[in-house]
Amino acid sequence: MPLHGVLAAFPLAFFVAAFFSDWAYADSANMQWANFSVWLITGGVIMAIVAGIAGIVDALVVGDTTRRRSSLHAILTVVMLVLAVINAFIHSRDGWTSVVPAGIILSALTAVVVLVASWLGYAARREGVA
């Protein structure tokens with residue numbers, strides 16, 4: 001299994017977990033949940049960059065990145081990273097407004113995009129495209 005696939009599991013887990021910790025914060029108003037979200041989002045961004053670099057190297061080694069799934073996977077990965085960085089800035093606020101409503105909406109969008117991008121990347125890898 002390529003290194004990219006292993007590293008991509010981290011942003012997937014971190015961004016989905018950030019959504020659930022935002023949800024827990026919105027339900028309880030316990031600030032520790034918001035703190036967890038910030039760390040999960042930050043870790044997800046860092047690991048997404050590392051996985052992206054590994055993905056670029058994998059794409060250059062494999063060579064065939066012109067197929068539709070691989071291209072859509074790459075586009076969604078960039079969208080995910082942009083959403084996550086904006087979300088990190090939103091979560092840097094203090095208190096309730098760090099999560100509700102913009103933070104939890106961005107966390108949900110990021111989680112959906114990372115799930116779809118991961119699925120497309122996995123499907124493309126299985127077909128031998130990426």
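Keep in mind that what you see is a predicted model, and the values were worked out from it rather than measured. For this chain, numbers begin at 1 and follow the sequence in order.
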ask   = Between atom OG1 of Thr42 and atom CZ of Phe14, what is the distance when rounded to the nearest 0.5 Å?
value = 10.5 Å

Could you give the side-chain donor-acceptor pairs of residues 78-89 under 3.5 Å, partners two or more places apart or in another chain?
unit_1	atom_1	unit_2	atom_2	d
Asn87	OD1	His91	ND1	2.8
Asn87	ND2	Ser107	OG	2.9

task = If the plane angle is over 60° it's perpendicular, under 30° parallel, otherwise tilted; pick one for Phe36 and Trp33.
result = perpendicular

Separation between CG of Leu7 and CD1 of Ile49, rounded to the nearest 0.5 Å = 12.5 Å

inquiry  = If hydrophobic clusters are built from ILVMFWY residues whose side chains come within less than 4.5 Å, do Trp39 and Val50 share one?
reply    = no

Leu12 versus Ser118, closest heavy-atom pair with distance = CD1-OG, 3.9 Å

ask   = Which pair of heavy atoms, one from Ala111 and one from Phe19, lies closest together, and at what distance?
value = CB-CB, 4.3 Å

inquiry  = Would you compute the distance between atom CD1 of Ile41 and atom CD1 of Ile46 and round it to the nearest 0.5 angstrom?
reply    = 12.0 Å

key: Cluster check Trp23, Leu106: I/L/V/M/F/W/Y, side chain < 4.5 angstrom   = yes

query = If you group Ile, Leu, Val, Met, Phe, Trp and Tyr by side-chain heavy-atom gaps below 4.5 Å, do Val114 and Ile53 land in one group?
reply = yes

Can you list, pair by pair, the side-chain donor-acceptor contacts under 3.5 Å of residues 95-104, counting residues two or more places apart and other chains?
unit_1	atom_1	unit_2	atom_2	d
Thr97	OG1	Asp94	O	3.4
Ser98	OG	Gly95	O	2.7

inquiry  = Apply side chain to side chain contact (heavy atoms under 4.5 Å, CB included) to residues His73 and Trp119 and explain how you reach the verdict.
reply    = CA-CA 8 Å; His73 169 71; Trp119 178 76; over 6 Å; no

query = Same hydrophobic cluster for Phe20 and Val38, using side-chain heavy-atom links shorter than 4.5 Å among ILVMFWY?
reply = no

query = side-chain hydrogen bond (donor to acceptor under 3.5 Å, both in side chains) with Ser21: which residues, sequence neighbours excluded?
reply = Ser37

request  = Quick one: pull up CZ in Phe15 and CG in Leu115 and give me the separation to the nearest 0.5 Å.
outcome  = 11.5 Å

task = Would you name the heavy atoms of Leu76 and Val113 that are closest together and state the gap between them?
result = O-CG1, 3.3 Å

